[in-house]
Structures are given as structure tokens and as C-alpha cells.
There are 2 protein chains.
Amino acid sequence: MGATKTDHFTDQQNTLATLLKALGHPARVAIIEYLMKVDTCICGDIVNELPLAQPTVSQHLKELKNAGLIKGSIEGNSICYCIEEEAIEKLQNYFANISVKLSNKKNNCC
Amino acid sequence: MGATKTDHFTDQQNTLATLLKALGHPARVAIIEYLMKVDTCICGDIVNELPLAQPTVSQHLKELKNAGLIKGSIEGNSICYCIEEEAIEKLQNYFANISVKLSNKKNNCC
DNA sequence: AATCTATATCGTAATATTGCAATATAAAAT
DNA sequence: ATTTTATATTGCAATATTACGATATAGATT
């Protein structure tokens, strides 16, 4: 075992879980927040901002890219990463939706 | 290695990552969505809704509870789980915030 | 009290993730 | 052309996650 049984869930659920999982690590949260902080999308020095070795950061960047949360374009001999807005919007919509539904219930619960 | 270096990141980043990681599995997304769907918080039959064995579901519920995304109260010999609204709100705020910041930038980027 | 029902825990196998040193790659600067 | 700079990839050890059978626990029912 050990492998997630994605085939038993809806595409929606799997896609969402992939996005959330990609953000489910403090280093990757930190990367996103750094990309937010620096006004223009920054080339490179993410490594210097994080308390992790260069290969580790590179790996986290790859995961964020695979999940569709950031994109990177080559800029000379460095690479320019920035946030993929659609992905953030997808998440924003999802939680906004749940929040609305929750406040409509108020509160048949425990 | 294999252990996340949480001590190098801010509490905010770690807390957020914990919440997101907890939702970073389709089964746990499905659990949250099921708790949303059934109007009153449901006792038990989450197991029947999911394509996973009972111990597995129990484990996923525990993780959601540890992350503070759901709470469970004993109801006779079964347990009544429901969504912890504050946690969802925290996430909703976070992404709403990022979205606003992103749309204010429009788009010094790549 | 014995049994049933609902849930949790234990133990364990399969797989995934995290982190880094070493190395590769490729453009830029000398 | 060689070196420097920036990033990616490989290989690997440590740890975590996922899944489930077997078993434990605890309240409800008989």
C-alpha cells in the first residue's frame, strides 16, 4: 500500500487535493508568499530566501509547477518564476463557496 | 531525511501548511464535501460513502481532526463529526487575500 | 451477561516525501 | 575557450503516508 487511491474519487476532488497537497508544506507556502511579496516575478533568489539547500528548493519549485501553482520562464541564464493566478483563483472560489454554504447553515450541528 | 523542517518557517506558514496538507488527499476532500452535503452533521456513515476500508477512513478522520478541520462528539455509541468552521474561514481568508493582492498587481510578470 | 454495532488502534507492507551531496546542464562573463 | 553563475537531475538515506486485516473498546440491544 502507500499509494493514494485516486481512481475512486471524482476528478474535481483529485484536482483540488493535488493543489492543496502542493501547498501542504511550509517551504512551498513560503515560496508562494515570497512570490507575492516581491512585486515583479523574481528570477532565482528564492534559494537565498529559504533555509534549505538549492536542490531541495528546486524540488519544491518543481512540485509547485507540476501542480500548476507557479510557472517558470527562462530569463537569460536564470529562471523567472511566478504565480499561476488561475490556480489560486480556483482555490479561492472553492473556499469562498464552502464558507457561504456554512454560514447558510448556522448550525444544525453537534 | 524525510522530516519536514518546520522549525525554519513561521508559525503562520506551518499552521497553514498543516491545514492544507490535511486537505491534500482526495478522501479527505470527499469527507469534507460529504459533511457539507448532509445538512445536519452526520453520525457514522461516512465509512459507507467512501471507497475505503473502515480503519482507513478512521485514520483520515483523525488527520482532519488533528489539523482542526473537523470535530467529533460522541452521540450514543456512534460519533458525530462536523466541520470546524473557523478552519475553513482561515483558509477562505487566506486565499481571498492572495487573490486581491494578485489582481492589484496585474501583471509585472513573465 | 452476552451480543451487536460503531469506531479506534495496532501492526505492517507498499509507496511517497523530504532533504542534501554530488553531479550535470546551459547560458553569461571573462 | 574557460570559468562563473544559476538551475536541474541523480542517487540515496531518513522519515512519513496510505491502506487494510486483525483486534480492541465502548455504548446499545437483547
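Since we're looking at a predicted model, the values are computed, not measured. Just so we're on the same page: letters track the sequence lines, and every chain starts at 1.
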| task | Ignoring backbone atoms, establish whether K5(A) has a side-chain N or O less than 4.0 Å from OP1 or OP2 of dC20(D). | result | yes
| query | Hey, does the side-chain of Q54(A) have a donor or acceptor N/O within less than 3.5 Å of a partner on the base of dA8(D)? | reply | yes
| In terms of the nearest nucleotide of DNA chain D, which residue is placed more toward the 5' end: V47(A) or T6(A)? | V47(A)
| request: Using atom CD1 of I70(A) as one end and atom P of dT7(D) as the other, report the distance to the nearest whole Å. | output: 12 Å
| Length of the line joining L23(A):CG and dT17(C):P, which is rounded to integer Å | 15 Å
| message | My understanding is that only one of I31(B), L35(B), I88(B), L61(B) makes a side chain to side chain contact (heavy atoms under 4.5 Å, CB included) with L69(B); could you say which? | response | I88(B)
| field | Interatomic distance where NE2 belongs to H8(A) and C1' belongs to dC20(D) [whole Å] | value | 14 Å
| task | Grab the CD-C1' distance between E75(A) and dA27(C) for me, whole Å please. | result | 13 Å
| Within this structure, what is the NZ-to-P distance between K62(A) and dG19(C), rounded to whole angstrom? | 16 Å
| request: Could you tell me whether K21(B) contacts a base, only the sugar-phosphate backbone, or nothing, with contacts defined as non-hydrogen atoms closer than 4.0 Å? | output: sugar-phosphate
| With respect to the side chain of N77(A), which nucleotide from dA19(D), dA6(C), dA28(C) is positioned closest? | dA28(C)
| Pairwise side-chain contact, L23(B) with Y94(A), heavy-atom cut-off 4.5 Å (strictly under) | no
| query | How is L52(B) classified with respect to the nucleic acid when contacts are heavy atoms under 4.0 Å: base, sugar-phosphate, or nothing? | reply | sugar-phosphate
| Among N104(B), L102(B), N97(B), which one satisfies side chain to side chain contact (heavy atoms under 4.5 Å, CB included) with V100(B)? | N104(B)
| field | Distance in angstrom units between N66(A) CG and dT9(D) P, rounded | value | 10 Å
| task | State whether S58(B) places a side-chain N or O below 4.0 Å from either non-bridging phosphate oxygen (OP1 or OP2) of dA8(C). | result | yes
| query | Of the nucleotides dA6(D), dA16(C), dG19(C), which has the atom closest to the H60(A) side chain? | reply | dG19(C)
| note | Picking from dG21(D), dT17(C), dT18(D), the nucleotide nearest the side-chain atoms of Q59(B) would be dT18(D)
| task | Determine yes or no for a side-chain-to-main-chain donor-acceptor pair under 3.5 angstrom, with T56(B) supplying the side chain and L52(B) the backbone. | result | no
| Residue-phosphate contact under 4.0 Å: T56(B) side-chain N/O, dC20(D) OP1/OP2 | yes
| query | Would the number of heavy atoms belonging to other residues, nucleotides or ligands and lying under 6.0 Å from CG of N48(A) be above 12? | reply | yes
| query | Rounded to the Å, how far apart are I74(A) CD1 and dA26(C) C1'? | reply | 9 Å
| Can you find a side chain N or O atom of Y81(B) that sits less than 4.0 Å from OP1 or OP2 on dA8(C)? | yes
| task | Evaluate whether atom CG of D11(B) has more than 12 neighbouring non-hydrogen atoms of other residues, nucleotides or ligands under 6.0 angstrom away. | result | no
| message | What contact category does T4(B) fall into here, base, sugar-phosphate, or nothing, at under 4.0 angstrom with non-hydrogen atoms? | response | sugar-phosphate
| request: Take P55(B) and A3(A), find for each the nucleotide of DNA chain D with the closest heavy atom, and name the residue whose nucleotide sits nearer the 5' end. | output: A3(A)
| said: Taking the minimum atom-to-atom distance to the side chain of H25(B), which one of dC20(C), dA19(D), dT18(C) wins? | reply: dA19(D)
| task | Could you tell me the separation between the CD1 atom of I31(B) and the C1' atom of dT18(D), rounded to a whole number of Å? | result | 13 Å
